[in-house]
Amino acid sequence: MGLQKMLCCLFVAACVGLISGSLTSCDEVRKVFQLRQIGPVKSLPERPREGSDLQVCQSRNLTCCSKKMEERYQVAARRDVQNLLQTSSASLKFLISRNVAAFQESFESLIKASENHTNLVLQASYRNMAGEASGLVRELFTDVGLFLLGSELNVDDITSRFFDALFPLVYHHLINPSLSRVTPGYAECVRTARRDLSPFGAAPGVLANQIGRSGVGGRVLLQALHLGVEVINTTDHLVFSRECRRALLRMQYCPHCHGLTLSKPCMGYCLNVMRGCLASMAEVDPHWREFVRSLEGLSARMHGSQDLEQVLLGVHAVVHDAVAHAQRNGPHLSAQVYKVCGRPSRQPAQSVSGQQDGESIPLKAFIRETGNNLATRRKEFLNSLRLYRTFYGGLADQLCVNQLASADGLACWNGADVVKSYTLRVVGNGIKAQTANPEVKVKEGDPVIHQIIDKLKHINQLLQGKSIPKFGTLDLIETGSGHGEGRGYSGDCDDEDGCSGSGGGEVKRKVMTVSKLAPGSDHPQGEDSETGDRSSSQALRSQAATLLLALVLTSLLTTRHVPSCDTISPLL
């Protein structure tokens with residue numbers, strides 16, 4: 001122990017000696033400057049010089065820094081911290097991005113299984129019309145899939161279009177099978193009469209309510225995960241204020257000007273600087289914690305009538321019962337159709353073979369495990385996400401403890417000298433705590449962080465079932481990549497920050513009928529809305545078919561190893 005204390009004292013004395021004017025060479029500074037690729041070596045002075053032109057790393061003694069070096073060091077300090085931020089969040093970002101893809105794949109698998117099983121039931125019970133109906137079934141489940149992935153399709157419109165198109169088939173094949181193939185005009189009349197005649201009983205409304213009630217949960221889940229990635233992207237690309245950039249320079253590279261390339265900042269000093277620079281990011285913490293809790297609450301509610309797997313795999317039963325209801329009421333429906341559309345011309349009916357009309361499709365076996373996998377994946381994901389619930393509250397401390405600061409008991413840099421310990425007050429996290437920060441002046445919160453906090457507040461309301469989801473509000477969550485587009489910046493931002501950005505135009509969206517069902521509610525909250533124009537809906541569905549989910553995976557930046565205070569710790 002005596003030898004370690006003596007070596008430590010000698011190291012401190014040597015460092016103090018450098019600061020007090022005995023700096024004789026810039027060779028070590030040049031070596032580290034070149035190793036870290038901070039800038040062209042020609043900007044370094046050949047030997048120690050007076051630093052009267054320096055703005056941040058000022059000293060009354062000789063220095064190895066020039067003004068151009070100081071500028072390069074400031075850029076390097078900011079880049080180093082941004083790289084650390086991105087590295088720290090990489091595992092969290094990958095966790096969420098991977099599960100966005102996994103949940104989407106599970107939804108698609110579930111929808112395909114439900115489509116195949118519905119076709120299988122129709123083929124077994126109503127073989128003559130099953131071939132023609134398969135295209136309608138495919139369109140129904142395609143629209144349901146697009147709805148789950150975030151398109152603005154209306155659930156009532158989706159089910160109404162399906163039953164509208166199904167009625168002429170049921171009428172021709174099951175109610176009046178003796179008729180020859182009716183003209184397109186007569187089939188269209190039968191189709192449009194479906195709304196008034198209600199041949200399928202309550203089935204269309206039941207199916208719309210079931211898909212809407214359970215689909216909102218899956219839809220909001222994907223919306224929330226996309227927002228989670230956006231939150232990480234936004235905080236990874238945080239724009240540092242001028243005061244913060246100068247503080248980072250003073251903490252990380254000003255020691256190099258004195259030849260102290262191995263020194264690291266004192267823990268308290270590092271905490272003050274990083275808590276000041278990341279003060280706005282710390283404001284995300286309570287809303288991120290609530291985000292994780294709200295996802296857990298949504299997952300807990302996704303059972304029974306909220307269970308998407310149970311609902312979709314039960315569509316075949318609703319469709320089968322709807323067709324059976326129409327068939328039982330065939331004579332009455334025929335009379336009603338005659339009143340509305342008249343009697344079609346009778347021609348000898350063609351013989352019906354045992355084969356289906358149209359092209360047969362391969363049918364997969366009914367697989368129940370899809371839903372179980374979906375529930376299990378949700379549980380596993382939330383168990384992993386729960387480990388990151390305090391991520392934003394302790395980020396500044398984590399960077400100092402794991403990466404930036406000197407270990408306790410070692411000589412460290414306090415912003416001006418190499419000392420045994422930092423003696424100034426250490427402030428807490430968050431904007432309010434920074435009023436007493438001796439190292440960084442924080443004027444106000446970052447407007448970009450304010451925007452992402454507002455989005456978190458809104459998605460938390462949706463996840464908790466406290467807000468009725470409407471496309472106009474969900475659109476605020478869907479837009480924005482977190483890479484600087486459409487951002488606002490404070491007055492501290494300058495050209496060096498890369499503050500230029502472009503705002504995206506607001507997209508007008510109509511309210512879904514399903515918006516009358518909060519995610520946690522089992523009952524409708526209003527009257528059904530009128531169905532939109534059919535041609536407009538089909539055009540909308542065509543546009544929605546281009547929807548792609550963008551998955552962004554973080555590329556971890558590798559940094560060169562540079563000698564630090566840890567290198568000499570075994571000697572102390």
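Numbering starts at 1 and runs along the sequence shown.
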Results of salt bridge (Lys or Arg N to Asp or Glu O under 4.0 Å) for R389 - residues two or more places apart only
none
Nearest heavy-atom approach of V144 to I111 is C-CD1, 4.3 Å
Residues in side chain to side chain donor-acceptor pair (under 3.5 Å) with S294, at least two apart?
Q464
Taking all non-hydrogen atoms of both residues, which atom of M281 and which atom of Y392 are closest, and how far apart?
CG-CD2, 3.6 Å
Would you check if there is a donor-acceptor pair between the side chains of Q86 and Q82 at a distance under 3.5 Å?
no
What residues form a ring-ring contact (aromatic ring centres under 6.0 Å, His included) with F391, not counting sequence neighbours?
none
Any non-hydrogen side-chain atom of S299 less than 4.5 Å from a side-chain atom of K379?
no
Looking at R191 and E188, is any side-chain nitrogen of the basic one under 4.0 Å from a carboxylate oxygen of the acidic one?
yes
Please give me the minimum heavy-atom distance between C341 and V190, naming the atom from each residue.
SG-N, 3.7 Å
Name the residue from T234, L278, I449 that meets the side-chain contact (heavy atoms from CB on, under 4.5 Å) definition with V284.
I449
Start with the C-alpha gap between L298 and R301, add the side-chain angles, then the distance that decides, and say whether side chain to side chain contact (heavy atoms under 4.5 Å, CB included) holds.
CA-CA 5 Å; L298 174 67; R301 294 196 305 274; 3.6 Å; yes
Nearest atoms (heavy-atom pairs only) where G150 meets Q223
CA-NE2, 4.2 Å
Of all residues at least two apart in sequence or in a different chain, which pass the side chain to side chain donor-acceptor pair (under 3.5 Å) check with N99?
none
Given V216 and R219, is the side chain to side chain contact (heavy atoms under 4.5 Å, CB included) satisfied, shown in steps?
CA-CA 5 Å; V216 166; R219 180 186 177 96; 5.5 Å; no
Are side-chain heavy atoms of V170 and Q327 found at a separation under 4.5 Å?
no
Does the Lys NZ or Arg CZ of R378 fall within the cation-pi geometry relative to F103 - under 6.0 Å from the ring centre and within 45° of the axis?
no
Stepwise, does the side chain to side chain contact (heavy atoms under 4.5 Å, CB included) test hold for I232 with L92?
CA-CA 8 Å; I232 299 168; L92 172 59; 3.6 Å; yes
Tell me every residue that passes ring-ring contact (aromatic ring centres under 6.0 Å, His included) with F163, counting only those two or more places apart in sequence or in another chain.
F200
Under 3.5 Å: donor-acceptor pair, side chain of H325, backbone of D321:
no
Holding to side-chain contact (heavy atoms from CB on, under 4.5 Å), I want the full list of residues that pass it with E283, two or more places apart in sequence or in another chain.
I431, I453
Is it true that E290 and R293 have a side-chain N and a carboxylate O under 4.0 angstrom from each other?
no
Please report the shortest heavy-atom distance between V292 and R386, naming the atom on each side.
CG1-CA, 4.2 Å
